[in-house]
Amino acid sequence: MTKKKTSLDTLYKAFIYVMLITLAVTIIVPVGWVFMASVKQNSEFYGNPWALPATLYWQNFVDAWNAASMGSYMLNSVIVTAISLALLLVVALPAAYCLSRFRFRGGKFLNTCFMAGLFINVNYIVVPIFLMLRDWDSWINYFFRQTFFLNNLFVLAVVYASTALPFTIYLLTGYFATLPHDFEEAAYIDGAGYGRTMVRIIFPMAQPSIITIILFNFLSFWNEYIISMTLMSSAAGLKTLPVGLLNLMQAQQSKAEFGIMYAGLVLVMLPTLILYICVQKKLTQGMTVGGLKG
């Protein structure tokens, strides 16, 4: 019986390893191919697609950055993502702390409202959001002869942060609820207020969870396309990186300049890969601890 169980365990582990290796290959090979294609010259794309580049043609990145305005699009994405994350953390961290650590009238109702937001796909409501902002702009234009809500990076960041609140508060509330109350009580005895206790005690203890939501939302904001395309449709110089990348792909396909197109893809992927590598350990810790204790 013991030998049979050991044999089954060995087969199960072998199956898991095979599946993990297969999954890794299906992810690594396409990503590696894009990096390889980004340093090829156009003439090399008409031969063997798996052939290594004859030389590292870095001019593709220069052309994508300057001629295709990818540098300007990346700056817009950096601004929008940074503002979105800042707004999201300023609102979500105190809200999750209050919902998880205190009992007050209306708390369950607020928590239910946030949980209901998890079932709303923002892509389905982007048209009502656009119509609402357009009407507000029409009202402002009627009185002040100018617009504000459409084609505005700050408003786009506000929309991003608002749509990410339900998931962020859900994740943080579950993690905050697992933290012991002893440290808070000790801080209260020492004379610390609620705000100071939250910032000095709770937030450092919840660092893995906070890093997790920062990474998840960074990926979401950085790669978002539909909302940005809809709300920034009339401002060519304010487009974010995914929108600019699509325009680049459409333009380069007609010119058959594939190297520049893949260089643009690398520019989009590189920041997310670097961020993930830097916070991978904290991300795994935040997900596993929250899952075990939640």
Side-chain angles (χ1 to χ4, degrees), residues 77-122 154 156-224 271-294:
S77 286
V78 169
I79 294 173
V80 171
T81 302
I83 296 176
S84 302
L85 287 175
L87 293 174
L88 181 64
L89 293 176
V90 167
V91 176
L93 286 174
Y97 174 70
C98 293
L99 289 173
S100 62
R101 312 298 282 187
F102 301 103
R103 297 293 177 265
F104 55 92
R105 182 175 298 178
K108 291 185 177 180
F109 175 75
L110 288 176
N111 193 53
T112 302
C113 290
F114 283 121
M115 295 307 101
L118 292 172
F119 300 96
I120 300 176
N121 190 328
V122 66
F154 178 78
L156 179 63
V158 172
V159 173
Y160 281 175
S162 302
T163 55
L165 272 177
F167 169 76
T168 304
I169 291 179
Y170 169 76
L171 193 149
L172 289 175
T173 300
Y175 193 92
F176 286 164
T178 66
L179 300 177
H181 291 266
D182 300 341
F183 297 98
E184 288 175 285
E185 295 172 356
Y188 296 151
I189 293 174
D190 291 338
Y194 293 121
R196 186 175 181 183
T197 301
M198 177 181 66
V199 174
R200 297 291 184 87
I201 304 298
I202 298 300
F203 289 173
M205 294 175 62
Q207 185 182 24
S209 182
I210 295 175
I211 291 177
T212 299
I213 62 106
I214 288 176
L215 180 60
F216 280 170
N217 286 300
F218 173 85
L219 296 176
S220 176
F221 300 155
W222 186 263
N223 296 318
E224 201 285 322
T272 58
L273 291 176
I274 293 174
L275 180 63
Y276 178 78
I277 292 172
C278 293
V279 302
Q280 180 184 9
K281 187 177 295 185
K282 290 289 185 180
L283 173 67
T284 305
Q285 182 182 355
M287 294 177 64
T288 54
V289 172
L292 291 174
K293 294 185 178 181

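Since this is a predicted model, take the numbers as computed values, not measurements. When reading the values below, keep in mind they use all heavy atoms of this one structure, side chains included, and skip hydrogens, waters and symmetry mates.
- Distance CD1/I83 to CG/L88: 13.5 Å, rounded to 0.5 Å.
- Listed by first and then second residue, the salt bridge (Lys or Arg N to Asp or Glu O under 4.0 Å) pairs that reach into residues 160-184 are R101-E184, sequence neighbours excluded.
- T168 and N217 share a side-chain donor-acceptor pair at under 3.5 Å.
- Between the CZ atom of F114 and the CG atom of L110 there is a distance of 6.5 Å, given to the nearest 0.5 Å.
- Side chain of T81 to backbone of V78: no donor-acceptor contact under 3.5 angstrom is found.
- Contact between I210 and F203 at its shortest, heavy atoms only, is CD1-O, 3.7 Å.
- Taking the side chain as every heavy atom from C-beta outward, L118 and M115 approach each other to under 4.5 Å.
- Atom CZ of F221 is separated from atom CD1 of I214 by 11.0 Å, given to the nearest 0.5 angstrom.
- In this structure, the separation between CZ on F218 and CG on N223 is 8.0 Å, given to the nearest 0.5 Å.
- Contact record, A161 with S84: CB-O, 3.7 Å, taken as the closest heavy-atom pair.
- No side-chain heavy atom of Y194 sits less than 4.5 Å from a side-chain heavy atom of C98.
- When the shell of 6.0 Å around CZ of F102 is examined, it contains more than 12 heavy atoms from other residues, nucleotides or ligands.
- For the atom pair L165 CG and C113 SG, the distance stands at 12.5 Å (nearest 0.5 Å).
- Considering every non-hydrogen atom in both A157 and V80, the closest pair reads CB-O, 3.7 Å.
- Side chain of T112 to backbone of K108: a donor-acceptor contact under 3.5 angstrom is found.
- L93 has its side chain within reach of F176: a pair of non-hydrogen atoms, C-beta onward, lies under 4.5 Å apart.
- In this structure, the side chains of L89 and I213 come closer than 4.5 Å at one or more pairs of heavy atoms.
- Under the rule for a side chain to side chain contact (heavy atoms under 4.5 Å, CB included), the partners of M205 that lie at least two apart in sequence or sit in another chain are L179, P180, F183, I201.
- Panel note: side chain T173, backbone Y170; no donor-acceptor pair is recorded below 3.5 Å.
- To the nearest 0.5 angstrom, L171 atom CG is 11.5 Å from I169 atom CD1.
- Heavy-atom minimum distance, A177 versus S100: N-CB, 4.0 Å.
- The 12-atom threshold is exceeded at CZ of F104, counting heavy atoms of other residues, nucleotides or ligands nearer than 6.0 Å.
- Closest approach of S162 to P166, counting heavy atoms only: O-CD, 3.8 Å.
- When all heavy atoms of P271 and W222 are compared, the pair lying nearest together is CG-CZ2, 3.6 Å.
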